[in-house]
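Reading through the structure tokens given below for one structure.
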Amino acid sequence: MRRPPRTPPWRRARRTARPCDAWTRSRRPSSRSFESPCSVRIFSGIQPTGRKHLGNYIGAIVQYVASQYRGEGIFCIVDLHAITVPYSPAELRERCYDTAALLIAAGLEPARCTLFRQSDVPEHTELTWLLSTVTELGRLQRMHQFRDKSLAQRELVSAALLCYPVLQAADVLAYRAHEVPVGEDQREHLELMRDVARRFNARFGDGEEVLVVPEHRIPDVGARIMDLQDPTTKMSTTAASEQGTVFVLDGPQAIERKLKSAVTDSGTEVRRAPEKPGIGNLIEILAAVRDAPPEQIESEYADAGYGAFKAAVAGAVIEYLAPVRERYDELRGDESQLEQILQGGAAQASAIAAETLADVRERMGVGAPRRARTLP
RNA sequence: GGGGGACUGGUGUAUCGGUAACACGGUGGUCUCCAAAACCGCAGCGCGAGGUUCGACUCCUCGGUCCCCCGCCA
């Protein structure tokens with residue numbers, strides 16, 4: 001359990017002159033029930049790549065689904081981030097639908113959370129520009145992800161790639177989110193966005209916390225799922241071999257083949273040990289999909305050979321993912337319905353982000369003054 | 001600002017004005033709980049737009065991206 005901060009972030013932000021319900025006003029039909037309009041707000045950005053794998057699913061997507069019951073979840077399909085590297089326009093559209101369908105299939109409920117496409121809410125890009133005025137160029141150039149990606153890039157290294165972290169900061173800050181559940185690899189970007197928020201507040205806030213400085217929440221439960229062909233590296237979309245990656249939408253026969261050909265270690269015992277990363281990974285996978293402690297898996301399969309154990313893991317994973325794939329197929333077939341859901345989410349998101357942007361513009365002295373704008 | 005070079009599967013390369021080849025990688029199989037090794041299959045490529053030509057990956061023009069050299073400014 002995390003100890004709550006002395007002044008909860010949402011209270012601090014509230015001091016900026018906005019009654020709490022103003023945030024949520026007009027975005028929640030009264031039929032929807034929430035514990036409190038001031039519950040913790042959680043923002044997650046999801047890359048519109050259709051091929052989510054088991055590691056993504058267990059490590060992130062399951063957390064998203066859980067967070068809509070813990071607070072106010074805002075889930076954004078970040079197509080504007082996706083275009084910072086070479087891409088195909090037609091495919092991008094498709095991948096957004098793929099991703100939306102997958103998230104809903106996994107359990108995100110459009111009635112319970114806000115799910116939308118980044119480019120549908122122009123406040124993201126406007127805030128990016130405004131925030132770029134309080135972002136150090138040198139810091140962006142030193143970002144590890146930028147350096148890695150620009151080195152790997154054979155084609156144009158775009159300015160957008162450099163500005164990526166500013167857009168990411170805008171994503172979160174536009175909603176005054178309190179928590180950003182991202183992995184360790186995003187720590188650097190998150191620190192940047194915290195600094196940007198602090199600098200903005202210091203320069204334009206006039207003593208008030210106009211932008212909420214979000215907390216980095218590293219998901220606590222998420223097991224690290226490793227590559228089946230190389231259990232010393234994380235399962236990833238860009239792995240050398242697809243054999244090591246179980247995709248959420250893989251069919252039963254593919255899942256079975258991949259799990260059966262997972263590399264194992266010498267020996268025959270099904271137990272976790274530093275010298276047995278392969279079997280350890282399979283134990284973690286089975287534990288995660290069964291929602292059982294790994295110890296229980298170990299004792300249950302203590303006498304089984306590797307072969308039988310693998311078959312059991314394969315069966316469990318197939319069963320685990322089957323309903324997701326079925327719901328996905330159903331949802332993905334109806335693009336107009338998906339579009340409708342995304343539009344609804346965008347309207348909800350816009351209502352929040354527009355408020356933040358009005359404050360930011362006002363503080364920065366950009367655009368018409370608020371008093372003039374609100375005159376009849 | 002000026003000059004030069006490059007661009008071919010995922011990667012690295014080859015070839016040719018006449019149906020584009022090789023290696024590695026990927027993928028399916030045999031073997032193994034697996035993996036690796038080996039063997040047998042399979043898939044995948046001419047940066048883009050024009051032009052010359054009966055025919056262009058090849059020649060020409062323009063554009064794109066990358067690399068190199070020189071100048072200028074400080």
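Just so we're on the same page: letters track the sequence lines, and every chain starts at 1.
- One finds no salt bridge joining Glu330(A) and Arg325(A) here, because no Lys/Arg side-chain nitrogen approaches an Asp/Glu carboxylate oxygen to under 4.0 Å.
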Distances under 3.5 Å between protein N/O atoms and the N/O atoms of nucleotides 36-47 of chain B, please, pair by pair.
none

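- Pairs engaging residues 190-214 of chain A under the ring-ring contact (aromatic ring centres under 6.0 Å, His included) rule: Phe200(A)-Phe204(A) [sequence neighbours left out].
- Comparing G46(B) with C16(B), their C1' atoms sit 12 Å apart, to the nearest whole Å.
- Applying the salt bridge (charged side-chain N to carboxylate O under 4.0 Å, His left out) test to pairs two or more places apart or on separate chains, none has a residue in residues 342-354 of chain A.
- Partners of Glu126(A) under the side-chain hydrogen bond (donor to acceptor under 3.5 Å, both in side chains) rule, at least two apart in sequence or in another chain, are Arg361(A).
- Taking atom C1' on both A56(B) and A49(B), the two are 15 Å apart, rounded to the nearest angstrom.
- Across the P atoms, C7(B) and G12(B) are found 12 Å apart, a figure rounded to whole Å.
- Residues in residues 240-250 of chain A take part in these salt bridge (charged side-chain N to carboxylate O under 4.0 Å, His left out) pairs, two or more places apart or across chains: Arg51(A)-Glu242(A), Asp250(A)-Lys258(A).
- Residues satisfying the side chain to side chain contact (heavy atoms under 4.5 Å, CB included) criterion with Pro277(A), sequence neighbours excluded, are Pro231(A), Asp265(A).
- Taking a pair as Watson-Crick or G-U wobble with both distances under 3.5 Å, the runs of three or more consecutive pairs in RNA chain B are B:1-7 with B:64-70, B:10-13 with B:21-24, B:26-30 with B:38-42, B:47-51 with B:59-63.
- To the nearest angstrom, C1' of G28(B) lies 16 Å from CD of Glu256(A).
- Straight-line distance between the C1' atoms of A14(B) and A23(B): roughly 11 Å, to the nearest whole Å.
- As rounded to the nearest Å, G5(B) and G10(B) have P atoms that lie 27 Å from one another.
- Residue pairs that meet the ring-ring contact (aromatic ring centres under 6.0 Å, His included) test with at least one member in residues 254-302 of chain A, sequence neighbours left out, are Tyr301(A)-Phe309(A).
- You'll find that the side chain of Ser261(A) is closest to A35(B), out of A35(B), U65(B), U27(B).
- A 6.0 Å sphere centred on NZ of Lys234(A) holds no more than 12 heavy atoms belonging to other residues, nucleotides or ligands.
- Listed by chain and residue number, nothing satisfies the ring-ring contact (aromatic ring centres under 6.0 Å, His included) test with His53(A) (two or more places apart in sequence, or in another chain).
- With side-chain heavy atoms closer than 4.5 Å counting as contact, directly or through intermediates, Phe247(A) stands alone and belongs to no larger hydrophobic cluster.
- One finds no salt bridge joining Arg142(A) and Glu188(A) here, because no Lys/Arg side-chain nitrogen approaches an Asp/Glu carboxylate oxygen to under 4.0 Å.
- By the 4.5 Å side-chain criterion applied to Ile, Leu, Val, Met, Phe, Trp and Tyr, Leu167(A) is assigned to a cluster that also includes Leu80(A), Ile83(A), Tyr87(A), Leu92(A).
- Between Leu156(A) and Gly244(A), the residue anchored closer to the 5' end of RNA chain B is Gly244(A), taking for each the nucleotide with the nearest heavy atom.
- Of the residues near RNA chain B, Val263(A) and Glu242(A), the one whose nearest nucleotide (by heavy atom distance) lies more toward the 5' end is Glu242(A).
- Between U15(B) and G1(B), the two P atoms lie 36 Å apart (nearest whole Å).
- Whole-Å rounding puts the Glu275(A) CD to A35(B) P distance at 21 Å.
- A20(B) and G25(B) have their P atoms separated by 25 Å, given to the nearest Å.
- For G28(B) and G44(B), the C1' atoms lie 15 Å apart once the distance is rounded to whole Å.
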Extract from the structure each pairing of a protein N or O with an N or O of nucleotides 29-33 of chain B at less than 3.5 Å, listing the distance.
| residue | atom | partner | partner atom | Å |
| --- | --- | --- | --- | --- |
| C33(B) | O2 | Lys310(A) | NZ | 3.4 |
| C33(B) | N3 | Thr264(A) | OG1 | 2.7 |

